[in-house]
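Position 1 is the first residue of the sequence; numbering continues from there. Remember, it's 1-based here, ligands and their atoms both numbered in the order they're listed.
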Amino acid sequence: MSEHIEVRRDGPVLEILFARPEKKNALSNAMYRAAREALEAAQTDGSIRVVLFGSEGDAFTAGNDIADFAAAAAGGERREPEAFRFIEALGRAEKPIVAAVPGFAVGVGMTMLLHCDLVYVAETAKLSTPFVNLALVPEAASSLLLPLRIGHARAFAMFALGESLSGAEAFTLGLANKALPAAEVLPAARAAAKALAERPLGAVLATKRLMRDVAGILARMGGERQIFGERLQSAEAREAFQAFAERRPPDFSRLTS
Ligand code: COA
């Protein structure tokens with residue numbers, strides 16, 4: 001378990017809440033593990049019909065803890081395996097997932113939404129996938145799923161230029177079901193989860209299965225994982241992580257790959 005993941009039951013709904021608000025809910029290894037274990041347990045627990053991801057504080061999550069990225073790069077690891085195990089569990093999840101996004105959703109905080117079935121965002125939320133700014137590449141099969149959802153040009157600008165979407169834009173582009181005032185996001189997500197839990201579970205599961213190419217998603221995650229691990233070891237990534245720690249812009253001008 002992690003003190004920064006809160007797992008709550010509300011009848012047939014399992015809530016998994018990111019609870020590290022002082023770090024904008026940046027995800028540590030322990031948090032990934034706790035969230036994955038809760039998500040996996042929900043798949044086999046017959047009394048759980050819906051999973052809801054939410055957060056404490058004003059952010060959804062600022063994505064992977066960049067200090068953990070830096071430690072992985074310095075230690076010569078390929079990539080934090082816990083992050084990928086969490087991502088793969090999302091790809092495999094059969095039960096429906098609802099997300100409540102009150103603010104920042106960065107990196108995996110944004111890409112995990114592509115694996116959620118109902119998404120409620122604050123109008124003012126900021127969704128971004130600045131992988132290239134960190135000298136990394138997209139993960140969570142987002143290199144496949146994001147262009148499918150919003151088109152290549154917009155997806156490339158998000159990945160490569162770090163352009164963000166507001167919650168209102170995410171709604172317009174079909175990435176979210178509703179964009180709401182921040183205080184209404186979690187109640188709306190909870191109401192949707194409750195409504196979903198009242199539907200016939202067999203039909204819900206079969207519908208989700210029909211709508212997703214799980215084998216294709218897992219295959220893309222595997223391909224991304226390998227390249228991501230290589231990028232983590234690059235001089236570019238070391239410069240990006242150091243710049244974040246020093247609160248300065250990175251300087252890639254002297255690096256060639
Ligand atoms: N990893 C580790 N720490 C993080 C973090 C992350 N991904 N995101 C935020 N934090 C920490 C900050 O370092 C800061 O810690 P400190 O108070 O000890 O200095 C604290 O959380 C608050 O963040 P701050 O940057 O002051 O908040 P903000 O409101 O000005 O900006 C963000 C919020 C999300 C825009 C900004 O924190 C950010 O860009 N984070 C990095 C996001 C990112 O690149 N994630 C990886 C994607 S692959």
Side-chain angles (χ1 to χ4, degrees), residues 2-5 18-33 35 53-75 77-87 90 101-115 121-122 124-143 145-146 155-167 169-170 182 221 224-234 236-252:
S2 161
E3 58 180 315
H4 295 129
I5 292 288
F18 304 135
R20 195 188 180 197
E22 70 285 2
K23 292 286 181 188
K24 302 287 172 191
N25 297 321
L27 294 166
S28 64
N29 284 331
M31 291 169 73
Y32 280 122
R33 188 178 324 119
F53 277 102
S55 59
E56 287 183 2
D58 59 3
F60 182 55
T61 163
N64 204 103
D65 188 315
I66 292 180
D68 284 356
F69 271 157
E77 291 169 42
R78 301 297 283 175
R79 185 194 172 180
E80 302 301 297
E82 282 299 340
F84 274 102
R85 292 180 74 189
F86 171 70
I87 283 167
L90 280 172
V101 181
F104 285 112
V106 188
V108 69
M110 157 71 210
T111 60
M112 68 176 282
L113 301 179
L114 300 168
H115 301 277
V121 295
T124 51
K126 244 178 135 179
L127 285 62
S128 64
T129 51
F131 295 110
V132 170
N133 286 349
L134 288 170
L136 299 172
V137 291
E139 34 70 316
S142 61
S143 64
L145 300 174
L146 193 59
F156 192 80
M158 290 187 74
F159 291 141
L161 297 178
E163 283 186 5
S164 59
L165 296 176
S166 68
E169 288 169 323
M221 286 178 176
E224 291 171 342
R225 177 180 182 157
Q226 171 156 0
I227 300 168
F228 199 105
E230 290 164 8
R231 296 298 319 158
L232 260 186
Q233 306 303 318
S234 66
E236 291 176 346
R238 275 195 298 279
E239 164 59 10
F241 305 149
Q242 204 173 332
F244 181 78
E246 293 170 4
R247 290 188 166 267
R248 63 167 171 84
D251 176 8
F252 300 116

Checklist line | Set of side-chain contact (heavy atoms from CB on, under 4.5 Å) partners for Arg238, sequence neighbours left out | finding: Ala235

Item checked: Within the protein, residues bringing a heavy atom under 4.0 Å of ligand 1, chain by chain -> Glu22, Lys23, Lys24, Ala26, Ala62, Asn64, Asp65, Ile66, Phe104, Val106, Gly107, Phe131, Leu134, Phe244, Arg247

Margin query: Run the salt bridge (Lys or Arg N to Asp or Glu O under 4.0 Å) test on Glu56 and Arg20 for me, step by step, so that the C-alpha distance in whole Å, both residues' side-chain angles and the decisive distance to 0.1 Å come before the verdict.
Written below: CA-CA 7 Å; Glu56 287 183 2; Arg20 195 188 180 197; over 6 Å; no

Next item on the list: Kindly write out the residues that satisfy side-chain contact (heavy atoms from CB on, under 4.5 Å) with Thr124, not counting sequence neighbours, or none if the list is empty.
Entry: Ala122

Notebook entry, point to check: Is the backbone of Ala59 close enough, under 3.5 Å, to the side chain of Asn25 for a donor and an acceptor to pair up by distance?
Noted result: yes

Note to self: Tell me whether the rings of Phe69 and Phe228 are parallel (<30°), tilted (30 to 60°) or perpendicular (>60°).
What the structure shows: tilted

Check: Who are the side-chain contact (heavy atoms from CB on, under 4.5 Å) partners of Arg248, not counting sequence neighbours?
Finding: Glu239, Gln242, Ala243, Glu246

